[in-house]
Amino acid sequence: VDDLTAPVEIPQISPVETEAPAETGGADDTIRIDDLRQVKGVVTPVREEIPQAPAETVTGDTVRLDTIPEHLNAEVEETAAAIGAVNTVVNRGGQLYGYNTDFGGMADLIKRTGIDLKDKKVLILGTGGTSKTAMAVAEHMGAASVRKVSRSPKPGALTYEEVLQNHLDAQVLINTTPRGMFSRESGMSIDPTRFSALCGAIDAVYNPLRTEFILKARSMGIPAAGGLYMLVRQAVLASEIFLDTKYPDTITEKVYSGIK
């Protein structure tokens, strides 16, 4: 890796801080999300080693559960229900099954980075779609408290001013905003060095590999990582669901190393 702050040429498959509307097929109410064969970027190196996905498989942008027509009768995985959205839908014998592979992607990123959320005070920067994934993952991993942080006052969320006044004892920060993403927004939502008890930081932004937020956190000597591994991992998990298979544990690292 020559420059970890340089942009990585990967299309944005799972938008940070956004929730895409469902794409339905009109009169027949069929979900018309991009077929796996049309997905570009991070899925491509995975597909080099797997067969073509079955036609009944669908994937694409994250879809809120409240936008899926009730008569589609989708069975939703527990983690997807906790997030309130699905990004993978499979038709098995006429029954739709919904999953959210971002949950596993973020959970595995946190574990790989060496951050233990159990009994920790966690702040999630942002209140968009990815923040819901971070909230569900942090609660699942046993965090003592989890609060979202917003630029403007919102129900259930802290403002950055409130954080600076009363919550600088946070132990883990998870950025789910687009701040720091190449070609979009530079800088950081908040400076991690302000948190004296900080012991871990995660950034859902994957391009560049390490944002200013992550570099600042690492300067404190704590584990911190950007979101590229999460992006790769969720694609691998989705492919396993599509093809009803299990890949070797090494495939995520192989694809991740090939991209970064």
Side-chain angles (χ1 to χ4, degrees), residues 14-19 62 64 79-85 87 100-181 184-185 187-206 210-214 216-217 220 222-231 233-234:
S14 298
V16 178
E17 193 71 20
T18 62
E19 293 180 86
T62 300
R64 297 194 310 272
T79 54
I83 296 170
N87 67 355
N100 194 312
T101 58
D102 283 341
F103 183 98
M106 179 167 285
D108 287 349
L109 168 61
I110 292 170
K111 294 173 186 175
R112 181 182 185 274
T113 307
I115 300 173
D116 183 5
L117 297 190
K118 185 173 176 56
D119 299 327
K120 298 296 193 303
K121 179 175 181 176
V122 179
L123 292 183
I124 298 170
L125 311 181
T127 57
T130 307
S131 74
K132 297 177 181 179
T133 300
M135 174 73 76
V137 168
E139 291 177 345
H140 177 77
M141 298 180 77
S145 67
V146 189
R147 298 291 301 274
K148 295 182 182 181
V149 185
S150 174
R151 287 178 295 183
S152 57
K154 290 184 179 180
L158 301 167
T159 64
Y160 286 95
E161 290 75 15
E162 289 173 323
V163 169
L164 293 175
Q165 291 175 3
N166 303 311
H167 297 277
L168 290 178
D169 59 341
Q171 296 163 290
V172 177
L173 299 178
I174 302 176
N175 178 50
T176 67
T177 77
R179 290 298 299 271
M181 179 173 284
R184 291 194 62 182
E185 298 188 35
M188 303 175 290
S189 295
I190 201 166
D191 186 346
T193 64
R194 300 287 299 274
F195 298 82
S196 59
L198 198 66
C199 58
I202 292 292
D203 198 337
V205 171
Y206 55 80
R210 293 177 188 165
T211 58
E212 183 181 356
F213 175 77
I214 291 302
K216 281 270 193 178
M220 302 170 65
I222 64 173
L228 181 58
Y229 185 88
M230 172 184 169
L231 184 69
R233 183 60 182 155
Q234 65 83 23

- Task: Output the distance between atom NZ (K216) and atom CD1 (I222), rounded to the nearest 0.5 Å.
- Result: 12.5 Å

- Could you pull out all residues at least two apart from S150 that satisfy side-chain hydrogen bond (donor to acceptor under 3.5 Å, both in side chains)? none

- Item | All pairs passing salt bridge (Lys or Arg N to Asp or Glu O under 4.0 Å) where residues 155-164 contributes a residue, at least two apart | none

- Task: Could you list the residues that satisfy ring-ring contact (aromatic ring centres under 6.0 Å, His included) with Y229, not counting sequence neighbours?
- Result: Y256

- Contact summary for T176 and A134, nearest pair of heavy atoms: CG2-CB, 4.0 Å

- Taken to the nearest 0.5 Å, the spacing of K148 NZ from L158 CG works out to 12.0 Å

Please set out all donor-acceptor pairs under 3.5 angstrom arising from side-chain atoms of residues 118-125, sequence neighbours excluded.
from, atom 1, to, atom 2, distance (Å)
K120, NZ, D116, O, 3.2
K121, NZ, H167, ND1, 2.9
K121, NZ, D169, OD1, 2.7

- Query: If you look only at pairs with a residue in residues 191-203, which of them pass as a side-chain hydrogen bond (donor to acceptor under 3.5 Å, both in side chains), with sequence neighbours excluded?
  - Reply: N175-D203, D191-T193, D203-T211

- Query: So which pairs with a foot in residues 142-165 pass ring pair (Phe, Tyr, Trp, His ring centres under 6.0 Å), sequence neighbours left out?
  - Reply: none

- Message: Holding to side-chain contact (heavy atoms from CB on, under 4.5 Å), I want the full list of residues that pass it with I115, two or more places apart in sequence or in another chain.
- Response: I110, T113, L117, V172, I202, P223

- How would you list all residue pairs meeting ring pair (Phe, Tyr, Trp, His ring centres under 6.0 Å) that involve residues 114-133, not counting sequence neighbours? none

- Query: By side-chain contact (heavy atoms from CB on, under 4.5 Å), which residues pair with A201, not counting sequence neighbours?
  - Reply: F213, A217, A224

- Message: Test your reading of the model: is there a side-chain donor-acceptor pair from N100 to the backbone of T79, 3.5 Å cut-off?
- Response: no

- Starting at OG1 of T130, measure out to CE of M230 and round the result to the nearest 0.5 Å. 6.0 Å

- Message: Show every ring pair (Phe, Tyr, Trp, His ring centres under 6.0 Å) that has at least one partner inside residues 115-150, sequence neighbours left out.
- Response: F103-H140

- Note on the structure: In this structure, CD1 of I83 is separated from CG of D102 (nearest 0.5 Å) by 6.5 Å

- Heavy-atom distance under 4.5 Å between the side chains of I190 and L164, does that happen here? yes

- Message: I need the full list of salt bridge (Lys or Arg N to Asp or Glu O under 4.0 Å) pairs touching residues 103-115, with sequence neighbours left out, sorted by first then second residue.
- Response: D108-R233, R112-E253

- Task: Specify the closest pair of heavy atoms between R179 and V205, including all atoms of both residues, with the distance to one decimal.
- Result: O-CG2, 3.9 Å

